[in-house]
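Below is one structure, written out as structure tokens, with a few remarks after it.
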Amino acid sequence: MSLQFWKPGTEKPRILEDEEGGVLFLSNSLSSSSSSSSGYGYASIEKQRQRLPVYKYRNAILYLVESRATTIIVGETGSGKSTQIPQFLKEAGWAHGGRLIACTQPRRLAVQAVASRVAEEMGVQLGQEVGYTIRFEDVTKPDVTVLKFLTDGVLLREMMDDPLLTKYSVIMVDEAHERSISTDILLGLLKKIQRRRPELRLIIASATVEAKAMSDFFRMRKKRREPESGDSGLQLEPAILSVEGRGFSVQINYVEEPVQDYVRAVVSTVLSIHERESTGDVLVFLTGQDDIDAAIQLLNEEVQTDGKRSSGLILLPLYSGLPRAEQELVFSPTPRGKRKVVISTNIAETSLTLEGIVYVVDSGFSKQRFYNPISDIENLVVAPISRASARQRAGRAGRVRPGKCYRLYTEEYFLNQMSNDGIPEIQRSNLVSCVIQLKALGIDNILGFDWPASPSPEAMIRALEVLYSLGVLDDDAKLTSPTGFQVAEIPLDPMVAKMIIASNQFGCSEEIITIAAVLSIQSIWISGRGIQKESDEAKLRFAAAEGDHVTFLNVYKGFLQSGKSSQWCHKNYVNYQAMRKVIEVREQLKRIAHRIGLVSKSCESDLQAVRKAVTAGFFANACSLEAYSHNGMYKTLRGSQEVYIHPSSVLFRVNPKWVIYNSLVSTDRQYMRNVITVDPSWLLEAAPHFYQLQQSISLH
DNA sequence: GAGCACTGC
């Protein structure tokens with residue numbers, strides 16, 4: 001392997017030039033005077049704060065926020081921007097007069113972690129001056145909380161009640177480079193709010209690569225012939241400030257020739273690291289469970305045949321579907337004389353931080369979601385990562401001391417063929433939820449909305465069509481009353497929301513809300529190698545002839561009758577943690593259902609009511625068994641796509657004539673997950689306009 | 001008889 005050296009920062013300009021002269025140059029010498037705060041008992045925390053790279057920029061940041069409408073902060077991991085900047089703002093008086101400072105994160109865990117760290121640094125109890133809000137948890141106190149951490153999704157929900165976010169003086173959007181759908185919608189809306197509320201200050205915190213694009217996005221005034229600065233002297237041109245990180249250097253190694261089989265390449269690279277390199281744990285990035293299991297099996301075979309070469313290796317898989325206890329093994333300290341090798345999906349790129357990693361092996365691939373608006377199907381595809389991802393992965397090796405990264409692709413490929421940034425999620429997704437959110441916020445011209453990255457018109461039109469067929473939008477693409485407004489209030493996929501609303505007329509809201517809660521959880525079953533037979537047998541105890549939705553009702557009933565017992569779950573191969581989440585989501589949905597005027601009612605054993613309510617939301621997913629199919633092939637009514645019932649369904653091999661599915665999983669075939677039987681006449685009842693053109697398909 | 005990268009309201 002050829003070696004090449006790289007130091008964080010050398011690939012990235014620290015200061016971004018701007019042809020219009022609107023960007024501020026800031027050198028390291030522009031340091032702030034140190035704070036004099038040193039209350040008894042806080043000296044060490046204060047010293048820790050001062051050691052963070054961002055501390056040097058305290059005055060510069062405050063100056064920019066004071067004088068600029070939007071400030072973009074480029075900060076690498078470890079710069080301390082997420083925890084320090086909100087405190088700087090509070091210290092500078094941005095929370096005076098009953099105003100709040102908000103800081104958003106894409107993930108709930110990050111919100112909790114940052115909020116508790118800040119509360120600790122400020123020496124206050126979490127939930128008082130410093131609080132956070134995530135789904136199910138509002139740890140804030142009105143009139144007391146001034147620093148509020150929240151997910152960007154929660155802030156979007158807040159805009160439904162307060163479209164101008166009037167209680168906030170400064171909003172910091174953190175991790176903006178991840179470009180999640182919520183972040184993109186939020187950025188578009190914040191830009192709009194700024195026109196109405198010039199006093200609102202925005203801070204966009206982002207990794208280097210996206211900073212310029214963000215600045216371009218927020219620079220909009222000149223075209224509108226508005227004054228370059230307001231009465232207050234406020235500069236409307238965004239400023240970009242770069243803050244260096246605290247990572248150690250990472251030496252990058254590329255392969256000389258493209259690898260044919262990246263799983264085998266991973267195995268040989270791990271073994272050669274183990275043979276040649278000093279102590280330090282290894283983090284391997286692969287694409288999914290299959291890859292990971294294959295790599296671990298090959299490495300284990302190596303242990304059997306050549307024990308010497310691989311002795312002392314602790315092999316640990318890591319992916320989100322892994323049971324919690326196994327996930328936590330990756331955080332346990334490495335015993336002396338051993339080397340931990342964590343073989344992971346992308347979960348370790350952003351969501352989890354592992355300590356003690358010195359070596360990273362990067363396959364160059366990850367699974368990514370792509371959406372085809374023509375077929376209306378989302379697929380998970382193994383695809384090459386971007387340079388931004390590759391840098392992020394490499395950075396994982398430099399957290400504790402200088403590290404090494406082994407890229408299983410050539411340098412030529414990295415430099416010339418890899419795309420610079422990933423495709424924003426909004427350009428790879430089904431847009432129904434996104435469209436309804438904007439409609440609820442009064443954004444009617446969605447195609448003309450000012451997006452940080454525009455979604456494709458085809459996907460947008462498809463979303464409008466689906467919402468129209470659900471009766472959520474009218475002929476003028478406005479939210480219908482009451483259905484459209486009710487659907488927008490429910491924080492779930494619009495098809496699920498419609499099913500909940502329809503349950504009111506069928507008198508089965510209790511059952512449908514349970515089903516909606518289960519569908520919103522990844523899986524309520526415990527699965528895994530070695531227990532397939534047992535878990536399948538356990539599933540049969542709950543199986544209902546009507547299908548998976550009714551089976552979920554049986555499981556929920558059993559769980560309640562057991563007194564929500566974890567032993568009961570264990571015995572029945574039901575995931576206890578998942579069931580607790582079901583209870584939580586269910587309670588939230590019940591509150592919302594009550595608020596929008598639905599009547600809480602159980603249909604007892606009238607399962608036809610349940611099936612009709614499901615049909616009202618999911619009629620577009622109706623399929624019929626091909627008459628002469630011996631292998632269980634179905635075709636969708638809408639697009640005549642070939643689909644099959646997933647083997648995990650209780651209707652697998654039962655193959656009823658008419659079914660509706662909840663979602664499709666695409667592998668070598670399209671598999672329907674969570675399937676329920678229906679009567680075809682219900683389809684016409686539920687969506688006459690949707691099926692009238694298709695009556696040539698005989699519905700009997 | 002197969003398998004779901006990762007979030008979020």
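In this text the structure is predicted, and so the values were computed from the model without any measurement. Heavy atoms only: backbone and side chains are in, while hydrogens, waters and symmetry mates are out. Lettering follows sequence order; numbering is per chain, from 1.
The closest donor-acceptor contact from the side chain of A:Arg428 to the backbone of A:Ile423 lies under 3.5 Å. The closest donor-acceptor contact from the side chain of A:Arg396 to the backbone of A:Glu349 lies under 3.5 Å. Side chain of A:Arg387 to backbone of A:Phe414: a donor-acceptor contact under 3.5 angstrom is found. Checking side-chain atoms of A:Ser429 against main-chain N and O of A:Ile426 turns up no donor-acceptor pair under 3.5 Å.
Rounded to whole Å, atom C1' of B:dA5 lies 12 Å from atom CG of A:Leu286. If you measure from atom CG of A:Asn430 to atom C1' of B:dG8, you get 15 Å, rounded to the nearest angstrom. Rounding to whole angstrom units, CD of residue A:Gln670 and P of B:dG3 are separated by 12 Å. Rounded to whole angstrom, the span from the OH atom of A:Tyr644 across to the C1' atom of B:dC4 amounts to 20 Å. The interatomic distance linking A:Lys581 (NZ) with B:dG8 (P) rounds to 9 Å, in whole Å. We find that CG of A:Leu431 is positioned 20 Å from P of B:dG8, with the value rounded to whole Å. Straight-line distance from the CZ atom of A:Arg369 to the C1' atom of B:dG8: 11 Å, rounded to whole Å. In this entry the distance linking CD1 of A:Ile185 with C1' of B:dC9 reads 11 Å, nearest Å.
The nucleotide whose nearest atom lies closest to any side-chain atom of A:Arg135 is, among B:dC9, B:dA2, B:dA5, B:dC9. The side chain of A:Thr345 has B:dC6 as its nearest neighbour among B:dC9, B:dC6, B:dG3. Ranking B:dC9, B:dC6, B:dC4 by closeness to the A:Arg673 side chain, first place goes to B:dC4. In this structure, of B:dA2, B:dC9, B:dA5, it is B:dC9 that holds the atom nearest to the side chain of A:Ile134. Nearest nucleotide to the A:Lys367 side chain, out of B:dC4, B:dG1, B:dT7: B:dC4. The side chain of A:Asp536 approaches B:dG1 more closely than any other nucleotide in the set B:dC9, B:dC4, B:dG1. Side-chain atoms of A:Ile347 lie closest to B:dT7 of the nucleotides B:dC9, B:dA2, B:dT7. Nearest nucleotide to the A:Arg107 side chain, out of B:dC6, B:dG8, B:dC9: B:dG8. Checking B:dT7, B:dG1, B:dA2 against the side-chain heavy atoms of A:Phe652 singles out B:dG1 as nearest.
Put simply, A:Thr151 has a side-chain N or O that comes within less than 4.0 Å of OP1 or OP2 on B:dC9. Within the structure, a side-chain polar atom (N or O) of A:Ser320 is placed less than 4.0 Å from OP1 or OP2 of B:dC6. Residue A:Arg108 places at least one side-chain N or O closer than 4.0 Å to OP1 or OP2 of B:dC9.
Judged by atom type and distance alone, A:Asp152 does not reach the base of B:dG8 through any side-chain donor-acceptor pair under 3.5 Å.
Map A:Pro491 and A:Arg428 each onto its nearest nucleotide of DNA chain B; the residue landing nearer the 5' end is A:Arg428.
Each of A:Asp291, A:Asp362, A:Thr269 was evaluated against A:Tyr262; a single residue qualifies, A:Asp291, per the side-chain hydrogen bond (donor to acceptor under 3.5 Å, both in side chains) test.
No side-chain donor from either of A:Arg673 and A:Ser648 sits under 3.5 Å from a side-chain acceptor of the other.
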